[in-house]
Amino acid sequence: MDAIKGRIIFINGPVVKAENADSFKMREMVQIGRRKLIGEVISIENDIATIQVYEETTGLECGEEVISTGKPLSVKLGPGIIGNIFDGIERPLLKLYETGTAFIPEGIGMLSIDQDKLWEVNITVKIGDQLEPGSIYAEVRESSLIVHKLMVPPNQRGKVVFTEKLGSYNIEHTVVTLNDGADFYELKLYQEWPVRIPRPAAKRKPIQQPLITGQRVIDTFFPIAKGGTAAIPGGFGTGKTITQHQLAKWSDADIIVYVGCGERGNEITEVLEDFPEIVDPKSGKSLMERTVLIANTSNMPVAAREASIYTGITIAEYYRDMGYDIAIMADSTSRWAEALREISGRLEEMPAEEGYPAYLPSRLAQFYERAAEVVALSGQEGSVTIIGAVSPAGGDFSEPVTQNTKRVVSSFLALDKNLAYSRHYPAINWLNSYSGYIADLRDWYSDNVAPEMLELRVKLLKLLQEENKLLEIVKLVGEDILPDDQRLILEIARVIKNGYLQQNAYHKDDANVSLVKQYRMLKVIDRLFERAMEAVKNGVPIATVKGNDLFYKITTMKYNVPEDRLDILDALINEIDSFYDSLKCRYGKGECKL
Amino acid sequence: MKIKYLKLDKVEGPLIVLSGVKHAAYDEIVDIEVGSGQHKKGRVVQIDRDKVVIQVFESTAGMALNNTSVAFTGRPMQIPLSKGILGRVFNGIGEAIDGAGFYSDCKYEIVGRPINPVGRKYPRDYIQTGVSSIDGLTTLIRGQKLPIFSGDGLPHNELAAQIVKQAKLSKRGKADSKEDNFAIVFAAMGIKHDEAEFFKKQFEAAGVLNRVVMYLNLADEPIVERITTPRCALTAAEHLAFEHDMHILVIMTNMTSYCEALREISSAREEVPSRKGYPGYLYSDLASLYERAGMTKTSKGSITQIPILTMPNDDIAHPVPDLTGFITEGQIILSRELYQRNINPPINVLPSLSRLMKDGIGEGFTREDHPDVANQTFSSYSHVKEVRALAQVIGEDDISELDKKYMEFGRQFEQRLVSQGFEVNRSIEQTLDMMWQLLTYLPKEELNRLKPELTEKYYKG
C-alpha cells in the first residue's frame, strides 16, 4: 500500500497542521518534512490533520510532505532494553552519543533497540506445538539478572511450523513461524506495541504484598504495594528526586524503569554514573543490570516528554508479562501534565483549571490504572508498581495535578518544605501522608515480619500526632511548663523523628534497612517509651528519666547496627531495662530486683 | 536572487504579518528594510498557509504597511563567534556595540541543541567563592546552574560581583585550571544602565575585563531582543567552553525581565495564557536556557550559570522563581529581613540549597567533616527559628536554658558566619572551622547529625 501523503500548511512550535490528510488516522505516527521528523496525529478535521512533532521544528517549511506510517506511536519490545537509556520515544541515547557528539542531533529517524547485536536464543517450543497469545516461545539471557522471555504477541496464535536452529541471532531474525490455518506469523526477537494502549493480561490480582523499599518511613508507616500506585508530591528542593533515586536503588522489584520526564539532565547523568557502581543487596550484581532509563530532559522536545511516560509504562508492562515485578518511577508527572498544557495551548483548546486541559484528570487516571499485579496471558504472575513524583507549583498541594493524582493513587507520600529546610530526609511528612494499603497488607506483615508490627506502627503514629498537638501549646508557652509525662512524649517523638524517620542516604548502614531491622528498632523505641513512661508516672523527674546518654544512644542506633549484628539492638533493650530498674531502686517505688 | 515581499497585512506590537509568502521556514531569520535603507531583523514565529507571522527585533516604530520590504534568509538565527569575543560588548542579537566591528567565519545557531544526558559529565568539582554561607552550606559546583533569588533593592548585584572576584577553582581542579582558561559571559536583560555600569566597574576592579563577554539588552531596549540575549550569550559560552576548553561562568540578569518580555510577546501573539498570564511554555523556554549549563565528556570546558532574578513582591511562589527552582540545581535566596538588619550578604540559608553539593564536598573534595557539619548547622539553625517564635510570645527570659543557647547560636551564626561583608574572602577551611566554633554554643547531645568520630576530632566545646 502506498503511504498517504499530506502537505504542511501551518507551523507553530511543536504543532503542525497538514492538509490532504483525510485518511490519516487518529494517534497515527507520521514522518514530517525532508528531515523525516517524527510526529503523531492528535486531531483531524475535514482534510486537515493536527500533528504534534517529537523533534525541533526549526527550519520546517509550508508545503513539505507529511507521510503516514499506518501505525500508532509504538515501541519495539525485545532484548536490549535492560541497562539501556532511551529518549521519550525509545531512541537509544547511548547510540546517539556514540556517533561522536555530546548534543542531540535532529532528524535522526526512528532508531530503537539495537538491531545488530546478536543474542543467544534458546527456543523452547517444537514444531507442532499449539501457541496462544502470550505463550513463551524462546528465552534470551538479557543481563546477568534478567532472562528475557519472548512471547507470542497478543493478537497472534497458531501451530508452530518452523523453528530456527540453536544459535545467536539479531532481533530482526525470524526464529519461529506460526500458522493459524489461514495466516503465517513470523516471530522475531521483538514485537511492537502501541504505547497508549495497555497490554492485556489474563486476570488482575488483588493487592497482597508490599514493595519493600528499605526506607523506614515508607515500609513501616506508609507502605507501597506491589501492583499499587504511589505519589510523591513536593515543592522544589524537598527531595523528590532523591527519594525516587532511593526507591530505584533499594526497592525489591526485579526491574526498575526510571522515567526522567522533563527534569534535569544532570540528574540522569548522576543515575548513569552511580547505578553501575551500586551493588544490589539481593543479587550482588550492579543495579544497572535491572534498570531501564527513559530520559526526556526539560530541554528536549516537549511532545516527546508527553510520550515518555507511556513509553516507560509500556516497557514495564512487557516485562510484567514475563513474570517480573516492575517498579516504574515517573519523575515528574507534573512536567508531563505541563507538556499536555503546553500542547493544548498551542492547539488553542479551551483551558480548564490553571490552564490545564479539561482531560487532565482522565489522562492521569488512565496512566495510574496501568499499575497492577496480574496473571499474564502466559500464565506468569507479575506486577507493575507506579511511583510518580508530583511537583506542585509553589509547593501548594491544592493545584490540579496534585489533587487529581491524589484521587487515583493509594499511597500519598507528602514531602514537606520545613523538614527539607532542616535537612530531615526523606522529608516525608508523617501527618499529611497516608497509605491505603494497610488493610490489604496486614496479613503479609503479620506472616512475614511480626504480628505486632502494625500495632507498633499505630502506636508510634499516635505519639507523633500527640506531639503535634503538644507543639501547638509549646509554641505559646514553652516546653518547661508542660507536665513531665507530656514532656516525655515530646522527647520520645524526637527520638522517633531523628532516630527512625530520618534516614541518611549516604550512610552504609542506614541507606537501606531490612524490614526485620525496622521492626526491631521499633521494639527498642517502644520499650524506651514504656519504661520511661513508667518511671515518670512513679515520680522520677524528666531530666533523670532521660539518662545521661541513653536517648542519644537510641537516636544514633541507626548508624551503629549493621544488618548482620541485630543482636546489638537486643543489648540496647537490656540496657534500657537495667537503667530503669536501677531508677526504680533509687526512687524506692515498685519492686527492686537488684 | 532573493524574493522581497513588499506589502504587510498587519503591524501590531513587535509582530508583523504578511501573506502570499512561499517557502518560509519556521524559525528562520528575515531581513526587513523600512523606508529607504533602515534594516531590521525579524524571526518567523508562525506559518499558516501563505501567511507568516514575524517577530521584529528592535522596534516596529516607523513601519507602515507599504514602506516595508521583507526578505527571507532561509536559515535560523546565527551569530559569528571566535575566541576574539573576549573583552567585547554585544547587543541582544549579537552585534558588536563597543565601536569596533566583529567578524568571524564561524557562525553558530543561537537555539542550541539539547545536551544528550549520556554525553554529560556529572559535575563534582567545587568552586570556592569565598562567601561562607555559599561555600559551607550551598556549595557551588563547576557546571552547576545556581540562581540567586532576590528582591528589588536587595544587593544581588554585589553578591554576584563578589563571586566573580573571589571565585577560585577547587584544589582537585588545579591541574587544568590555568589562569587563562577562565572567562565570564555576562547577559543583561532589562537591567538599568547604572546596573550594567556597576558590573563593568566591578569586572574592571577585579582585573578581568579582558576576559568578559557582554551581551546587553538594557531596560529601554527592544524586548524582542531580550528573548535572544541569553541565547546569544549561552551560544558564546558553549563556543568557549566546548570548543576552546574554557571554564565559563555565565551571569544572567534579570530573568524576571526576560520572562516578562516573553509574556508581552505571547500576549501580542494572542496565545492562551497560563499562570499569571505567562505562556504555557514558560517552563520549557526557561529549561532551554538553564539546561545549557554543564560539562560534557567530549571537552574539558564547563559552563556554570548564576542567573539572577528578582521575586515580584518577594513571593517565591510566583511562576518565575517557582519554575526556575524546578529546573536549576538549587537556589541562593536573599532575605529582606536580614538585609534590614545589616547582615551582608543577606543570604537566607535555610531555604537556600545546592543540589550538586552532596557529590562535590567531603573527603577528597573539601574536607571530611563538611557534609555532617553542614547538615548539623542546617538542623540547629532551623531549630533557632522555632525558638525565636517562642521567645517572641513568652519573652526571651522565660525560655529554657537550652533554648537560650540556641538563641545565642542563632545570633552568632548570623553575625559571624553569614555577615561577612562583600569584601571579605574566606577559604573553605576558615568557613568550616567557624561552623564548628559556632556549634560549640550548643551542648554535644544536641548534635545528632554528626558522626561520633567527627565530633571527637573537631568539636572543642
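Please read these numbers as outputs of a predicted model, since none were measured by experiment. Lettering follows sequence order; numbering is per chain, from 1.
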Contact winner vs chain B - [options], heavy-atom pairs under 4.5 Å:
| options | result |
| --- | --- |
| A:Ala295, A:Gly345, A:Ser391 | A:Ser391 |
| A:Leu476, A:Asn418, A:Leu96, A:Ile85 | A:Leu476 |
| A:Tyr421, A:Tyr552, A:Phe551 | A:Tyr421 |
| A:Asp396, A:Ile104, A:Asn504 | A:Ile104 |
| A:Arg494, A:Arg7, A:Arg341 | A:Arg341 |
| A:Val302, A:Thr57, A:Thr555 | A:Thr57 |

Say you draw a straight line from [atom1] of [X] to [atom2] of [Y]; how long is it, rounded to the nearest 0.5 Å?
| X | Y | atom1 | atom2 | result |
| --- | --- | --- | --- | --- |
| B:Met77 | A:Thr58 | CE | OG1 | 13.0 Å |
| A:Lys17 | B:Ile47 | NZ | CD1 | 13.5 Å |
| A:Glu64 | B:His23 | CD | NE2 | 9.5 Å |
| A:Lys558 | B:Asn448 | NZ | CG | 7.5 Å |

Using non-hydrogen atoms and a 4.5 Å limit, figure out which bit of [X] sits close to chain A: side chain, backbone, both or neither.
| X | result |
| --- | --- |
| B:Arg120 | both |
| B:Lys451 | side chain |
| B:Lys385 | neither |
| B:Gln46 | both |
| B:Pro321 | backbone |
| B:Ser352 | backbone |
| B:Asp359 | side chain |
| B:Thr328 | backbone |
| B:Leu286 | neither |
| B:Gln331 | side chain |
| B:Lys145 | side chain |

Among [options], who wins on heavy-atom pairs under 4.5 Å with chain A?
| options | answer |
| --- | --- |
| B:Gly330, B:Gly280, B:Gly112, B:Ala24 | B:Ala24 |
| B:Pro273, B:Ala389, B:Ala374, B:Pro123 | B:Pro123 |
| B:Leu350, B:Thr296, B:Val272 | B:Leu350 |
| B:Ala317, B:Ser400, B:Ser288 | B:Ser400 |
| B:Arg292, B:Lys51, B:Lys358 | B:Lys358 |
| B:Lys121, B:Glu386, B:His383, B:Glu271 | B:Lys121 |

Between the side chains of [Y] and [X], is the shortest nitrogen-to-carboxylate-oxygen separation below 4.0 Å, so that they form an ion pair?
| X | Y | value |
| --- | --- | --- |
| A:Glu56 | B:Arg113 | no |
| A:Glu270 | B:Arg355 | no |
| B:Arg275 | A:Glu399 | no |

If you draw the axis of the six-membered ring of [Y], does the NZ or CZ of [X] fall within 45° of it and under 6.0 Å from the ring centre?
| X | Y | value |
| --- | --- | --- |
| A:Arg335 | B:Phe326 | yes |
| A:Arg264 | B:Tyr290 | no |
| B:Lys297 | A:Tyr97 | yes |

Candidate pair B:Ser284 and A:Arg305, rule side chain to side chain donor-acceptor pair (under 3.5 Å), full reasoning: CA-CA 10 Å; B:Ser284 302; A:Arg305 189 192 306 163; 3.1 Å; yes
Atom NZ of B:Lys22 with >12 non-hydrogen neighbours under 6.0 angstrom: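 Not more than 12 within 6.0 Å, no.
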Other residues, nucleotides, ligands: >12 heavy atoms within 6.0 Å of A:His507 NE2: yes
When you measure from the side chain of [X] to the backbone of [Y], do you find a donor-acceptor pair of N or O atoms at a distance under 3.5 Å?
| X | Y | value |
| --- | --- | --- |
| A:Glu273 | B:Tyr122 | yes |
| A:Asn299 | B:Pro114 | no |
| B:Glu291 | A:Ser298 | no |
| B:Arg449 | A:Arg423 | yes |
| B:Tyr283 | A:Gly262 | yes |

Answer with side chain, backbone, both or neither: which region of [X] has an atom nearer than 4.5 Å to a non-hydrogen atom of chain B?
| X | answer |
| --- | --- |
| A:Ile242 | side chain |
| A:Leu419 | neither |
| A:Glu98 | neither |
| A:Asp480 | side chain |

Looking at side-chain heavy atoms only, is the closest gap between [X] and [Y] below 4.5 Å?
| X | Y | result |
| --- | --- | --- |
| B:Tyr281 | A:Arg346 | yes |
| B:Arg269 | A:Asn12 | yes |
| B:Ile316 | A:Phe236 | yes |
| A:Leu272 | B:Val118 | yes |

What are the two closest heavy atoms between [X] and [Y], and how far apart are they?
| X | Y | answer |
| --- | --- | --- |
| B:Asp27 | A:Gly59 | CB-N, 4.5 Å |
| A:Ala102 | B:Ile115 | O-CG2, 3.5 Å |
| A:Ile268 | B:Pro117 | CG2-CB, 3.6 Å |

